[in-house]
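Just below is one structure, and these are the notes that go with it.
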Amino acid sequence: MKDICGLPCPAAHPDPASGFAIGIGIMVLIFCGIGIAAFYFVGGKAENFFVAGRSLPLYVVVLTLASQSIDSNALLGNADLSYKFHFFDGAVLPIGLGLSLILNGIFFAHHINNELVLTLPDVYAKRYGMATEIVVSLCTCVSFTCLLAGNLVGMGAIVGYVFGISDVGAVFISGFICLAYVASGGLFSVAYTDVVQSAVGMIGCLAVAGWLIGNADKEAPPPSIGFPNAANASAVSGMYMYPDAATAALYDGVPCTTNTENMCYNQQLHCPDGGTTCTADNGAYPFGDQRIFDDQMTNPYALTPFPNALFWDWATIFILGFGNLAALDFQARCMAARSPTDARIGCILGGCLTFIIGIPFSYLGAITRYYYGPDSIYAEFEADTCSPLLDLPTCAMWKPDPKAFIKMLTTVPPAFLGGWGLLGIVAASMSTSDGAILALGTVFSHNIMRHVAPFSEEKLLMFARISTVPFALIAMLVASFYQSAHPAGATGYLLIVAFDIVLAGCIVPLFACFYVKNPSPTAGLLSVVGGTAMRVILEFSLPKDGFLLLPFGKDEFLDYGVPASPDFPSFFDENPSTYWDKSSCTQKRFKDYTGVDSLASPIFSLLVFVVVHLWDKKRDAPLIGGRYMVPYDKKVGDETAVAGKA
């Protein structure tokens, strides 16, 4: 980077103080102790293990729902995406998650509580039969394995950094910690550790976010101050030319040496000791950055000169807002509420809490860019990249630090607040991870294994506890691959994948369970299978380059090119004849239709359901028959399923 572009190498970052590891370690042990102690509340009863005896009071329902929603994706993934890209690229995560809880409170929570079931697939069984129950169970298990993996990525990133161990090792440690107390006490463990985790975590997250928003040196990177003439330490003006008079006046610019009509970096002022120590940067923000661009969600060119993932951001809100309605952990807490009213109010208040806690973290992305962005001393660039819009013949592509936000919390705010913020993210990750582990074990044992070999309630508990282990291990393996440095986006990426899976086929028949009179079992099954199959087909048939950007027509949507010019950028104070030829940078247009498949699949699922349902009603006979298509009510404690209309 220094040899090719003349830019300084990234500065070394100080290691975190040992107090961060000690504080987080102690609190994690306390969380585990509370969870394991809940073993004594289960009493060998499946209903206690799975839905906490349907006894959770409103305040616990609110906090445990908010804890499931406010996970490391809504916090760390949100801040990471806002740092790497911009405000709404991260904010769509808590917006989508909070919206899903509010929608659940409006449409489903009271119905789910009234069903008196153990799992969400039980609801499908009561309307559509065993075949649909099993298919939905498989879809939700794959979904929640991704959700668990995403949270282990977030928790592992923090644990690995503060303890100085590898991310892979930290992922496995995090997974086994959550597994230990979930297998002991089930939803009692999860719910009551959620209360403690949310009390500690939410307050800590709000506190550190409030401090950074109010006290950080800058709310976003300011206009670049520029850099000196490294070849002439005694020069009056530096190499960097300011883009306008206002920016030059901001930094007391002086007339340039070569292009005298322009204003340049004041080398004598900003390098008073002959260039040994200078106040300088990389010239990455000629006009400065902003905390938020108001038109980011309406204008594909709002982030010029950078592309704006406008369509993907809206798709993310839709995926999370509606896909999360099939979230096993959300619905388990609705089942566990004392009353339908508590379930409904708990969802709506939990959604509001998600907005209140999660959205402020999106503001921290711009602050992180100030301390760890392309104009910081820690900046790193890909040398073999060029960009005409950025006027850079080399070193055009900035490489964000995947641990930047975590590093900022250990250095910028007071140590106590920074540690509290890190603990809040760890607590949020644990609260969702434990819920995901419980949901996976519950659904696999209750809705899949019981059809293979029927067994009693006592054995159901044993199988549920055993089933948590392989799913936790699979999620750990997925998380160890999608570490925080993974180009796909790590935590936030896996969250969206998780609910994209169930959005495709599971949401339409879930609405029909409660809002269609006597829904057709065949329509339910084909809707799930058809929507899911369509999602898989579109995944591999639509053009996707991995950048999540539609091919809009202007130059902002061209990828970085390969350098072909050794000449200078036009903001250098050099002879204009030595400026690079921008046409030498050959670029390809971004072309990624990710999100189209996510929206098209549930629409296809809806069409399938409507057509088949109306066909069955017109014929007064099911399109597909057999005992697996007969709706039934699975009674808690029964060794076999009881067939018959719900």
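No experiment lies behind these values; they were computed from the predicted model shown.
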Ring center gap for [X] and [Y] short of 6.0 angstrom:
{"X": "Phe318", "Y": "Trp314", "result": "no"}
{"X": "Phe87", "Y": "Phe293", "result": "no"}
{"X": "Tyr242", "Y": "Tyr240", "result": "yes"}
{"X": "Phe499", "Y": "Phe322", "result": "no"}
{"X": "Trp398", "Y": "Tyr372", "result": "no"}
{"X": "Tyr301", "Y": "Phe557", "result": "yes"}

For the CZ atom on Phe311, are there more than 12 heavy atoms of other groups (residues, nucleotides or ligands in this structure) within a distance under 6.0 Å?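 Result for CZ/Phe311: enclosed.
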Atom NZ of residue position Lys591 - does it have more than 12 heavy atoms of other residues, nucleotides or ligands inside 6.0 Å?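 Counting other residues, nucleotides and ligands, NZ of Lys591 stays at 12 neighbours or fewer.
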Contact between [X] and [Y] at the side-chain level, heavy atoms closer than 4.5 Å - yes or no?
{"X": "Trp420", "Y": "Val208", "result": "no"}
{"X": "Val159", "Y": "Asp167", "result": "no"}
{"X": "Leu542", "Y": "Val596", "result": "yes"}
{"X": "Gln587", "Y": "Asp555", "result": "no"}
{"X": "Phe227", "Y": "Phe572", "result": "yes"}
{"X": "Leu99", "Y": "Leu320", "result": "no"}
{"X": "Arg291", "Y": "Ile213", "result": "yes"}
{"X": "Asp573", "Y": "Asn262", "result": "no"}

Is there a donor-acceptor pair closer than 3.5 Å between any side-chain N or O of [X] and the backbone N or O of [Y]?
{"X": "Asn282", "Y": "Ala284", "value": "no"}
{"X": "Ser565", "Y": "Asp567", "value": "yes"}
{"X": "Ser480", "Y": "Leu477", "value": "yes"}
{"X": "Tyr265", "Y": "Val254", "value": "no"}
{"X": "Tyr560", "Y": "Asp384", "value": "no"}
{"X": "Asp89", "Y": "His86", "value": "yes"}
{"X": "Thr578", "Y": "Glu574", "value": "no"}
{"X": "Ser429", "Y": "Ile425", "value": "no"}
{"X": "Asp375", "Y": "Asp281", "value": "no"}
{"X": "Thr260", "Y": "Cys256", "value": "no"}

Between Asp71 and Asn151, is the side chain to side chain donor-acceptor pair (under 3.5 Å) condition met? List the steps. CA-CA 7 Å; Asp71 59 0; Asn151 278 278; 3.2 Å; yes
Evaluate Leu147 against Asn73 for side-chain contact (heavy atoms from CB on, under 4.5 Å), listing each step before the verdict. CA-CA 9 Å; Leu147 177 66; Asn73 298 289; 4.2 Å; yes
Does the ring-ring contact (aromatic ring centres under 6.0 Å, His included) test come out yes or no for Phe547 and Phe590, once each step is laid out? CA-CA 7 Å; Phe547 291 100; Phe590 294 115; 5.0 Å; yes
To the nearest 0.5 Å, what is the distance between [atom1] ([X]) and [atom2] ([Y])?
{"X": "Cys395", "Y": "Leu390", "atom1": "SG", "atom2": "CG", "result": "12.0 Å"}
{"X": "Thr410", "Y": "Phe20", "atom1": "OG1", "atom2": "CZ", "result": "5.5 Å"}
{"X": "Cys585", "Y": "Leu389", "atom1": "SG", "atom2": "CG", "result": "10.0 Å"}
{"X": "Asp391", "Y": "Phe571", "atom1": "CG", "atom2": "CZ", "result": "6.0 Å"}
{"X": "Leu409", "Y": "Leu417", "atom1": "CG", "atom2": "CG", "result": "10.0 Å"}
{"X": "Ile357", "Y": "Leu353", "atom1": "CD1", "atom2": "CG", "result": "6.0 Å"}

Nearest heavy-atom pair of [X] and [Y]: which atoms, and what distance?
{"X": "Ile356", "Y": "Leu206", "value": "O-CD2, 3.7 Å"}
{"X": "Ser69", "Y": "Gly98", "value": "OG-N, 4.2 Å"}
{"X": "Thr385", "Y": "Ala396", "value": "OG1-N, 3.0 Å"}
{"X": "Tyr251", "Y": "Pro222", "value": "OH-CB, 4.0 Å"}
{"X": "Ala379", "Y": "Pro374", "value": "CB-O, 3.5 Å"}
{"X": "Pro563", "Y": "Pro393", "value": "CB-O, 3.3 Å"}

Does a side-chain N-to-carboxylate-O contact under 4.0 Å join Arg589 and Asp559?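 Answer for the salt bridge query: no.
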Stepwise side chain to side chain donor-acceptor pair (under 3.5 Å) check, Thr432 with Gln68: CA-CA 5 Å; Thr432 300; Gln68 294 306 115; 4.5 Å; no
From CA spacing to verdict: side-chain contact (heavy atoms from CB on, under 4.5 Å), Asn259, Met241: CA-CA 9 Å; Asn259 298 278; Met241 286 196 303; 3.8 Å; yes
Could you walk me through whether Phe355 and Leu97 pass side-chain contact (heavy atoms from CB on, under 4.5 Å), step by step? CA-CA 8 Å; Phe355 295 148; Leu97 291 166; over 6 Å; no
Describe, in one word, how the ring planes of Tyr378 and His13 are oriented to each other, choosing from parallel (under 30°), tilted (30 to 60°) and perpendicular (over 60°).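 Aromatic pair Tyr378/His13 classed tilted.
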Which of these passes salt bridge (charged side-chain N to carboxylate O under 4.0 Å, His left out) with Arg369: Asp80, Asp289, Asp401?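 When salt bridge (charged side-chain N to carboxylate O under 4.0 Å, His left out) is applied between Arg369 and each of Asp80, Asp289, Asp401, only Asp289 qualifies.
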Decide side chain to side chain donor-acceptor pair (under 3.5 Å) for Asp244 and Thr247; before the verdict, give the C-alpha distance in whole Å, the side-chain angles of both, and the deciding distance to 0.1 Å. CA-CA 6 Å; Asp244 55 26; Thr247 308; 2.6 Å; yes
Axial cation check for Phe381 ring with Lys399, 6.0 Å and 45° limits: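 Ring-cation test returns no.
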One pair to check against salt bridge (Lys or Arg N to Asp or Glu O under 4.0 Å): Arg535 and Asp597. What are the steps and the verdict? CA-CA 6 Å; Arg535 181 65 184 84; Asp597 43 11; 3.0 Å; yes
Could you walk me through whether Asn78 and Ser362 pass the side chain to side chain donor-acceptor pair (under 3.5 Å) check? CA-CA 6 Å; Asn78 170 8; Ser362 306; 2.8 Å; yes
Between Thr354 and Leu101, does a side-chain contact (heavy atoms from CB on, under 4.5 Å) hold up when you go through it step by step? CA-CA 9 Å; Thr354 302; Leu101 275 176; 4.0 Å; yes
